[in-house]
Amino acid sequence: MSELKNDRFLKALMRQPVDRTPVWMMRQAGRYLPEYRATRAQAGDFMSLCKNTELACEVTLQPLERYELDAAILFSDILTIPDAMGLGLYFEEGEGPKFRKPVRTEADINQLQVINTASDLSYVTDAVSMIRRELQGRVPLIGFSGSPWTLATYMIEGQSSRDFARAKTMLYTQPELMHQLLDKLALSVIDYLNAQIVAGAQVVQIFDTWGGALSHAAYQEFSLAYMEKIVAGLIKQADGRDVPVILFTKGGGHWLEAMADTGCHGLGLDWTVDIGSAKARVGDRVALQGNMDPAVLRADPATIEREVQSILSSFGGGAGHIFNLGHGITPDIDPEHARAFIEAVHKFSAN
């Protein structure tokens, strides 16, 4: 593998000094970019794009051609695991993901097999390998997965949900059944992320998109415990380097200390948390990633710059900050506003 030319992101994750704060964006390869929309049209639909190794590689690299970012993130979807379990993932235009065969009963859960990434999701690891080769050491490559709880919500509801009525009903009325499902998902995520690391991912992130919907006690038992199990099961080193793990629970600001205790290296923060307060709470145990509200990118460049300065100032001095958005960049954003954001991080964080 090529020698890494820019390891700013990896250094910041290990809380080592850097010349400026590294920056990348969740969903940086996405619909706000005209070149992405063109490639997706060429692929036909979203899942065809995910499953086409060359095109998945192409869209992963597109934002790096346009902007000076410090990491690439694999282009894929968090729902590849339930799809590989046979639930029949499909996307309705404008409505988000849906499953043809949601998981509702004990029999449904008993039928699910822990995935074998090599045979079930080779298109993902093929994409990781190709992206890593094509990057030629420019920046590190991030692999990722959804968290067991987040995957379970989609599998049980059969689609996105506002209140997770079915998933929460199972959690409270059949907790053992929910644990059985989450355990299969945790083992699948371990296999999936380890396969991505072997294929070339240098960092992995676990997206717990819906952990924030849980009560304090339920979060610890039904989301965090499984993420901790995953962290413990991951390959720790590859290519002679540590492979850092980032946990991101949207709405997870209540649980930062507990998240920091899982053995992860970094915590993703959404915009509802003050990064300075988060830093005071977790100390030097983990790096912090975040956390500008993506909606700020709808404002003019001067407003974007002020918000970047405010977050940098709140974090203060010292190592361990990766600048990011508090969630994914949205399709309506002007690519030049994303540029203003990235350039503001470069400008105001340089030592």
Side-chain angles (χ1 to χ4, degrees), residues 1-14 16 18 21-30 33 35-36 39 49-78 80-81 117-118 121-146 189-207 230-231 234-248 264-266 268 287 289 322-325 328-329 338 342:
M1 292 288 187
S2 307
E3 188 60 35
L4 197 51
K5 300 179 185 79
N6 171 359
D7 63 354
R8 201 177 276 127
F9 172 58
L10 293 182
K11 281 183 169 171
L13 261 178
M14 306 309 285
Q16 295 166 3
V18 287
T21 303
V23 57
W24 67 280
M25 297 183 292
M26 289 187 273
R27 293 204 198 115
Q28 63 190 27
L33 291 176
E35 56 268 42
Y36 168 85
T39 309
L49 180 53
C50 289
K51 292 180 180 182
N52 182 313
T53 305
E54 288 78 14
L55 295 184
C57 177
E58 183 181 312
V59 294
T60 298
L61 299 179
Q62 282 171 348
L64 300 174
E65 301 304 324
R66 195 183 262 264
Y67 309 122
E68 197 182 332
L69 294 157
D70 294 297
I73 182 164
L74 163 70
F75 181 79
S76 187
D77 192 81
I78 63 168
T80 49
I81 287 177
T117 305
L121 287 169
S122 58
Y123 68 87
V124 176
T125 47
D126 288 349
V128 170
S129 298
M130 178 177 277
I131 295 160
R132 179 72 189 272
R133 275 197 312 277
E134 292 295 318
L135 279 169
Q136 297 183 315
R138 281 164 67 184
V139 292
L141 174 60
I142 305 165
F144 71 91
S145 170
V189 171
I190 290 168
D191 186 85
Y192 186 51
L193 290 178
N194 280 339
Q196 290 183 39
I197 292 166
V198 169
Q202 290 144 293
V203 178
V204 292
Q205 176 157 321
I206 300 170
F207 285 87
I230 291 163
V231 173
L234 292 178
I235 294 167
K236 302 294 183 272
Q237 287 195 310
D239 299 334
R241 283 180 179 269
D242 290 337
V243 181
V245 185
I246 304 167
L247 299 188
F248 173 62
C264 69
H265 301 80
Q289 178 176 278
I322 297 107
F323 215 116
N324 206 314
L325 304 174
I329 185 169
I342 293 157

Exercise. Provide the closest heavy-atom pair for Gly200 versus Val128 in the form atom of the first, atom of the second, distance.
Key: N-CG1, 3.8 Å
Quiz item: When you look at Ile322 and Val23, which way does the side chain to side chain contact (heavy atoms under 4.5 Å, CB included) test go after all the steps?
Solution: CA-CA 6 Å; Ile322 297 107; Val23 57; over 6 Å; no
Quiz item: Within the side chain of Lys5, is there an N or O that forms a donor-acceptor pair under 3.5 Å with the backbone of Gln136?
Solution: yes
Exercise. List for me each residue that meets salt bridge (Lys or Arg N to Asp or Glu O under 4.0 Å) alongside Glu35, sequence neighbours excluded, and say none if there are none.
Key: Arg66
Quiz item: Under a 4.5 Å cut-off applied to non-hydrogen side-chain atoms, are Gln202 and Leu4 in contact?
Solution: yes
Self-check item: Any residue meeting ring-ring contact (aromatic ring centres under 6.0 Å, His included) with Phe248, in chain and number order, not counting sequence neighbours
Solution: none
Quiz item: Of all heavy-atom pairs between Cys50 and Ala56, which one has the smallest distance, and what is that distance?
Solution: O-CB, 4.0 Å
Quiz item: Is there a donor-acceptor pair closer than 3.5 Å between any side-chain N or O of Asn324 and the backbone N or O of Met26?
Solution: yes
Quiz prompt | Working for side chain to side chain contact (heavy atoms under 4.5 Å, CB included), residues Ile81 and Leu121 | solution = CA-CA 8 Å; Ile81 287 177; Leu121 287 169; 4.3 Å; yes
Quiz item: Looking at residues at least two apart in the chain, or sitting in another chain, which of them share a side-chain hydrogen bond (donor to acceptor under 3.5 Å, both in side chains) with Ser145?
Solution: none
Quiz prompt | Side chain proximity check, Ile206 to Leu193, heavy atoms < 4.5 angstrom | solution = yes
Quiz item: Would you say the side chain of Asp242 lies within less than 4.5 Å of the side chain of Met14, judging by non-hydrogen atoms?
Solution: yes
Practice problem: Measure the SG-CE distance between Cys57 and Met130 for me, rounded to the nearest 0.5 Å. | Solution: 6.0 Å
Self-check item: Donor-acceptor pair, side chain of His265 and main chain of Val245, under 3.5 angstrom
Solution: yes
Exercise. Kindly write out the residues that satisfy ring-ring contact (aromatic ring centres under 6.0 Å, His included) with Phe207, not counting sequence neighbours, or none if the list is empty.
Key: Phe144
Quiz item: Roughly how far, to the nearest 0.5 Å, is the NZ atom of Lys11 from the CG atom of Asn6?
Solution: 9.5 Å
Self-check item: Side-chain touch Pro63/Met25, heavy atoms, less than 4.5 angstrom
Solution: no
Self-check item: Closest heavy-atom pair and its distance - Gly268, Ile246
Solution: N-CG2, 3.9 Å
Quiz item: Does the side chain of Val204 come within less than 4.5 Å of Ile142's, by heavy atoms?
Solution: no
Quiz prompt | Nearest heavy-atom neighbours spanning Ala12 and Ala287 | solution = O-CB, 3.5 Å
Self-check item: Donor-acceptor under 3.5 Å (Gln62 side chain, Tyr36 main chain)
Solution: yes
Practice problem: List the atom of Glu134, the atom of Leu61, and the distance in Å for their closest heavy-atom pair. | Solution: CB-CD1, 3.7 Å
Quiz prompt | Partner set under salt bridge (Lys or Arg N to Asp or Glu O under 4.0 Å) for Glu68, not counting sequence neighbours | solution = Arg20
Quiz prompt | side chain to side chain contact (heavy atoms under 4.5 Å, CB included) against Asn194, all qualifying residues, sequence neighbours excluded | solution = Ile190, Ile197, Leu234, Ile235
Practice problem: List in chain and number order the residues that pass side chain to side chain contact (heavy atoms under 4.5 Å, CB included) with Arg138, two or more places apart in sequence or in another chain; answer none if no residue qualifies. | Solution: Leu64, Glu65
Self-check item: side-chain hydrogen bond (donor to acceptor under 3.5 Å, both in side chains) against Thr80, all qualifying residues, sequence neighbours excluded
Solution: Tyr192
Self-check item: Any donor-acceptor pair under 3.5 Å from Asp70 side chain to Arg8 backbone
Solution: no
Quiz item: Does Asp77 have any side-chain hydrogen bond (donor to acceptor under 3.5 Å, both in side chains) partners at least two apart in sequence or in another chain, and if so, which?
Solution: none
Self-check item: Closest non-hydrogen atom pair, Pro140 against Leu10
Solution: CG-CG, 3.8 Å
Quiz item: Excluding sequence neighbours, so at least two apart, what forms side-chain hydrogen bond (donor to acceptor under 3.5 Å, both in side chains) with Gln28?
Solution: none
Self-check item: side chain to side chain contact (heavy atoms under 4.5 Å, CB included) assessment of Leu141 paired with Leu135
Solution: CA-CA 8 Å; Leu141 174 60; Leu135 279 169; 3.9 Å; yes
Quiz prompt | Beyond-backbone contact of Gln205 with Gln289, side-chain heavy atoms, under 4.5 angstrom | solution = yes
Quiz item: Any side-chain heavy-atom pair from Val124 and Gln196 closer than 4.5 angstrom?
Solution: yes
Exercise. Spell out, as yes or no, whether a donor-acceptor pair under 3.5 Å connects the side chain of Asp239 to the backbone of Arg241.
Key: no
Quiz item: Any luck finding a side-chain donor-acceptor pair between Thr117 and Asp191 under 3.5 Å?
Solution: yes
Practice problem: Drop me the distance from Arg132's CZ to Leu74's CG, to the nearest 0.5 angstrom. | Solution: 13.0 Å
Exercise. Output all residues satisfying side chain to side chain contact (heavy atoms under 4.5 Å, CB included) with Thr60, sequence neighbours left out; order by chain, then residue number.
Key: Ala72, Phe75, Ile131
Quiz item: Is any side-chain heavy atom of Phe9 less than 4.5 Å from a side-chain heavy atom of Val139?
Solution: no
